[in-house]
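Inspection log for the structure reproduced underneath, given as structure tokens.
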Amino acid sequence: MKIGVVGTGYVGLVAAACFAENGNSVIGVDIDEAKIKALLEGRIPIYEPGLAEIVVANVAEGRLRFTTDITTAVRESDVLFIAVGTPQDEDGSADLQYVVKVAEQIADAMNGPKIVVNKSTVPVGTAAKVKATIEGRTTHPVSVVSNPEFLKEGAAIDDFLKPDRVVIGTSDPATEAVMRELYEPFVRSGKPILCMDNVSAELTKYASNAMLALRISFMNEMANLCDATGADVESVRKGMASDSRIGAAFLYPGLGYGGSCFPKDVKAIEHTSREFKAPMEIVAAVERVNARQKTVMLPRIEAKLGGLAGKKIAVWGVAFKPRTDDIREAPALFLIEGLLAKGATVSAYDPKAMDHAKRTLPASVQWAKNAYEALEGADALLLATEWNEFREPDFAKVKSLMKQALIFDGRNIYNPKTVKAHGFDYVGVGRR
Ligand code: NAD
């Protein structure tokens, strides 16, 4: 198939590369000239495991091209994916300006019938809005599909090539047939392609993210209850997770969820629920609990150190989760800002996200070349992102580098007994 993917960010670039990998002819389009220049030179603008190899191989095979010229991409494609950002607007709703802009650009470039696919996370009614926008500017026929993306950064290639399910929102049988043909190679293992109406498809994405965020917020409150009662959240978590009705996924407490999706998507579904006068109180609570959780660790560090002025805190991890360089809404950023505001100095290290973080955080943050360098003379270590390389450090070396042997484990990756046996004072989230 001839496919155009508009937006070559975390979702669009992965989608473009994976569609090409399955033999399609794909053009990736972006307005960001630096991004396209990098891609044309064989450099991948984001860190995503396995992505570079697929992009380079498919460019070499001639199946994957990149351009800033959307007109060419529209004219040469039968199916056009919209994969641009849908950030949070001031009132919590999803800002659709980039999606609508792309719809206008597609309409103005159309040279025949097209299938336009909303891959961006968009609120109910967006497919209708995109269709109306395009039909208002061209007489060429268009069919608009809602095809939300469920990939996880850090495992995006695997998730895209082997999805748990593919959701396709369309009421047009011919369009459904084309979409099924496109996705069939991705679900050979028997995973379902679920076809439904546009609105249900649009809502499925928000419902899924809100449920995952809900599990995290639930566990964060449970961890705080464990702290208050003297229970150990790891024991409670394992006890819950062994129940097949509950399962183990997304039951890990921490410093509050971040990332480019959960925070904005939870707010957006809450906004939709209010707009349609079917308020989702539980979703509103998920958001409130998360905002509060982001503030839990800082006072603990402050109390333990007897104030933060003049103290040095080493921070391991600034990405919002491991295996990505994405720092959008990362709890580490919030905490580092808080530490600095209280007069602490911060030395930080992240395997992949430091370039992005340097552009966002104050210049006073000291950036270390490796995890151990960040510890030199530190009064405490704050583990904010559970990268694998932080899981089994040389604790003797860690202790010898630090001024005080004190660890705040924001992701509960260390065994308190082991860490204490190495002579550390340990504070986790809901841990005995
Ligand atoms: P991103 O910011 O990484 O990428 C968006 C890209 O679109 C940017 O490169 C930007 O330059 C480009 N763009 C904007 N306007 C354009 C235009 N008019 N023409 C061409 N390019 C344009 O965003 P992302 O993380 O890939 O997310 C995209 C969408 O997918 C969002 O709606 C998001 O909620 C959703 N989503 C993201 C993830 C994720 O893990 N990142 C997962 C599932 C769904």
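Whatever order the structure lists them in is the order used to number ligands and atoms, beginning at 1. The basis for the numbers below is simple: all heavy atoms, side chains too, and nothing from hydrogens, waters or symmetry mates.
- Protein heavy atom at the shortest distance from atom 41 (N) of ligand 1 is E153 OE2, 2.7 Å.
- At the shortest separation from atom 6 (C) of ligand 1 among protein heavy atoms lies D30 OD2, 3.7 Å.
- In terms of protein heavy-atom proximity, atom 16 (C) of ligand 1 is closest to I31 CG1, 3.4 Å.
- A centroid separation of less than 6.0 Å is found between the aromatic rings of F395 and Y414.
- Comparing I106, D326, T67, T121 by heavy-atom distance to atom 35 (C) of ligand 1, the nearest is T121.
- Atom numbering of ligand 1 starts at 1 in the shown order; those under 4.0 Å from a heavy atom of V102 are 17 (C), 18 (N).
- Ranking protein heavy atoms by distance to atom 18 (N) of ligand 1, first place goes to Q105 OE1, 3.3 Å.
- Protein heavy atom nearest atom 28 (C) of ligand 1, with residue, atom name and distance: V84 O, 3.5 Å.
- Comparing E149, K152, K264 against atom 34 (O) of ligand 1, the shortest heavy-atom distance belongs to K264.
- In summary, the aromatic rings of F19 and F81 are positioned with their centroids under 6.0 Å apart.
- Given atom 26 (O) of ligand 1, the protein heavy atom at minimum distance is V11 N, 2.8 Å.
- Inter-residue side-chain proximity for F320 and E153 is flagged as met; some heavy-atom pair is nearer than 4.5 Å.
- Counting only heavy atoms of the protein, atom 32 (O) of ligand 1 lies nearest to T86 OG1, 2.6 Å.
- Among all non-hydrogen protein atoms, the one lying nearest atom 25 (O) of ligand 1 is R328 NH2, 3.0 Å.
- Between E181 and M1, some side-chain heavy-atom pair lies under the 4.5 Å cut-off.
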